[in-house]
Amino acid sequence: MLVRDCMTHKLITIRPESDPMAAISLLNAGKFRHLPVIEKDGSLVGIVDRADLELFLATAGSPGYVKRNHRVDQLMTRNVITVNPDCPLEEAASLMVQHKIGSLPVLENGKLVGIITETDIFKRFVAILGGGSDSLRLTIQLADKPGQLAELAGRIARINGNIISVVSSPAEQPDRFNFTLRVQGVDLASLLAAIEDQPGLVVLHQSNG
């Protein structure tokens, strides 16, 4: 999955010479936390964050003083970390964690085409994990060997189960892997009966939702 699949395309931006009160008004109206700052030619020059604006406004004096004496480019972050639309979603998430930031402007051919936030990524990961779907949730552990997951999928298919999502993670043991599956089309008892005798398989968690 790529950034272009999750990013916000309809952007609200602000100019560097705008006053901080205007930035706060835009953030409040849109109920978001970050504003890309762009020049007349559409080039990205920074990003301004709600928390930074609110901290500044709390210490800068009256709104009139702020409007007359301050500009957004005095508060924005200039060295902005960006991604392109074809960046894998997990790499974008890794960048946010690494740099402790909540959003990434998306540039294509040097122009701002979108923004992706931690909320966008969180929502997509919930969808990938099958959260909110009418499905069984099963976490199992398998040996880290070729064919183990394929055998599990075959067993589920033989009882007409439909796997709608699979997420893997390393187990504590170096030769094992944990898999969380969402399965539709079968009941939990039938699912467990179909997989219980697969060699090396351990059921870690099971639920109906």
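Placement of Leu204 and Val167 in two distinct hydrophobic clusters is found when ILVMFWY residues are connected by side-chain heavy-atom separations under 4.5 Å, directly or transitively. The same ILVMFWY cluster, assembled from side-chain heavy atoms under 4.5 Å apart, contains both Val186 and Ile156. Residues Leu26 and Phe56 share a hydrophobic cluster, clusters being chains of Ile/Leu/Val/Met/Phe/Trp/Tyr side chains in contact below 4.5 Å. A continuous path of Ile, Leu, Val, Met, Phe, Trp and Tyr side chains, each step under 4.5 Å between heavy atoms, connects Val203 with Leu152, placing both in one hydrophobic cluster. In terms of hydrophobic clustering, with Ile, Leu, Val, Met, Phe, Trp and Tyr side chains grouped at heavy-atom distances under 4.5 Å, Ile163 and Leu142 are assigned to a common cluster.
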Subject >> Residue pair His205, Thr180: steps toward the side-chain contact (heavy atoms from CB on, under 4.5 Å) verdict >> reply: CA-CA 9 Å; His205 180 267; Thr180 297; over 6 Å; no

**OP:** Mind running side-chain contact (heavy atoms from CB on, under 4.5 Å) on Val72 and Arg15 for me, showing each step along the way?
**Re:** CA-CA 8 Å; Val72 165; Arg15 294 283 299 281; over 6 Å; no

Subject >> Trace of the side-chain contact (heavy atoms from CB on, under 4.5 Å) decision for Asp73 with Val45 >> reply: CA-CA 9 Å; Asp73 59 7; Val45 293; over 6 Å; no

**OP:** Tell me, with the steps shown, if Thr139 and Arg137 meet side-chain contact (heavy atoms from CB on, under 4.5 Å).
**Re:** CA-CA 7 Å; Thr139 300; Arg137 186 180 188 277; 3.6 Å; yes

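Of all the heavy atoms in Ala194 and Ile159, the pair that sits closest is CB-CD1, 3.7 Å. In this structure, Ala92 and Val3 approach most closely via the heavy-atom pair CB-CG2, 3.8 Å. Of all heavy-atom pairs between Arg176 and Ala143, the closest is NH1-N, 3.3 Å. Residues Pro105 and Ile47 approach most closely at CG-CD1, 4.1 Å, considering heavy atoms. The heavy-atom pair separating Ile116 from Cys6 by the smallest distance is CD1-CB, 4.0 Å. The two residues Ile14 and Ala22 make their nearest non-hydrogen contact at CD1-C, 4.1 Å.
Side-chain contact between Leu149 and Phe177 is absent, with no heavy-atom pair separated by less than 4.5 Å. At a threshold of 4.5 Å between non-hydrogen side-chain atoms, the residues Val48 and Asp52 do not count as touching. Looking at Leu104 and Met96, their side chains come closer than 4.5 Å, going by heavy atoms from C-beta outward. The side-chain heavy atoms of Leu44 and Val37, taken from C-beta on, include no pair separated by under 4.5 Å. By the 4.5 Å heavy-atom criterion applied to side chains, Leu27 and Phe32 are counted as neighbours. In this structure the side chain of Ile140 never reaches within 4.5 angstrom of the side chain of Gln198, judged on heavy atoms. Counting heavy atoms from C-beta outward, Leu136 and Leu138 have side chains that stay 4.5 Å or more apart. Contact annotation: the side chain of Glu54 approaches that of Ile24 to within less than 4.5 Å [non-hydrogen atoms, C-beta and beyond].
At distances below 3.5 Å, not a single donor-acceptor pair connects side-chain atoms of Ser94 with backbone N or O atoms of Glu90. Without hydrogens or angle criteria, Thr77 side chain to Val80 main chain gives no donor-acceptor distance under 3.5 Å.
Shown here is Gln173, whose CD atom has more than 12 heavy atoms of other residues, nucleotides or ligands within 6.0 Å. Applying the 6.0 Å contact sphere to NZ of Lys123 captures no more than 12 heavy atoms from other residues, nucleotides or ligands.
For residues 140-162, every residue pair satisfying the salt bridge (charged side-chain N to carboxylate O under 4.0 Å, His left out) rule, not counting sequence neighbours, is listed here: Glu151-Arg155, Arg155-Asp197. The side chain to side chain donor-acceptor pair (under 3.5 Å) contacts involving residues 3-13 comprise Arg4-Asp86, where partners must be two or more places apart or lie in separate chains. Among residues at least two apart or in separate chains, side chain to side chain donor-acceptor pair (under 3.5 Å) pairs with a member in residues 26-37 are Asn28-Arg50, Arg33-Glu118, His34-Asp49.
In this structure, the separation between OG1 on Thr82 and CD on Glu108 is 12.0 Å, given to the nearest 0.5 Å. With rounding to the nearest 0.5 angstrom, the CD1 atom of Ile101 is 11.5 Å from the OG1 atom of Thr117. Rounding to the nearest 0.5 Å gives a distance of 11.5 Å between OG of Ser190 and CD1 of Ile195. Annotation: the span from Arg182 atom CZ to Ser207 atom OG amounts to 6.0 Å, rounded to 0.5 Å. One distance of note links CG of Leu192 with CD of Gln206; it measures 4.5 Å at 0.5 Å rounding. In this structure, CE in Met76 is found 9.0 Å from CZ in Arg71, a value given to the nearest 0.5 Å.
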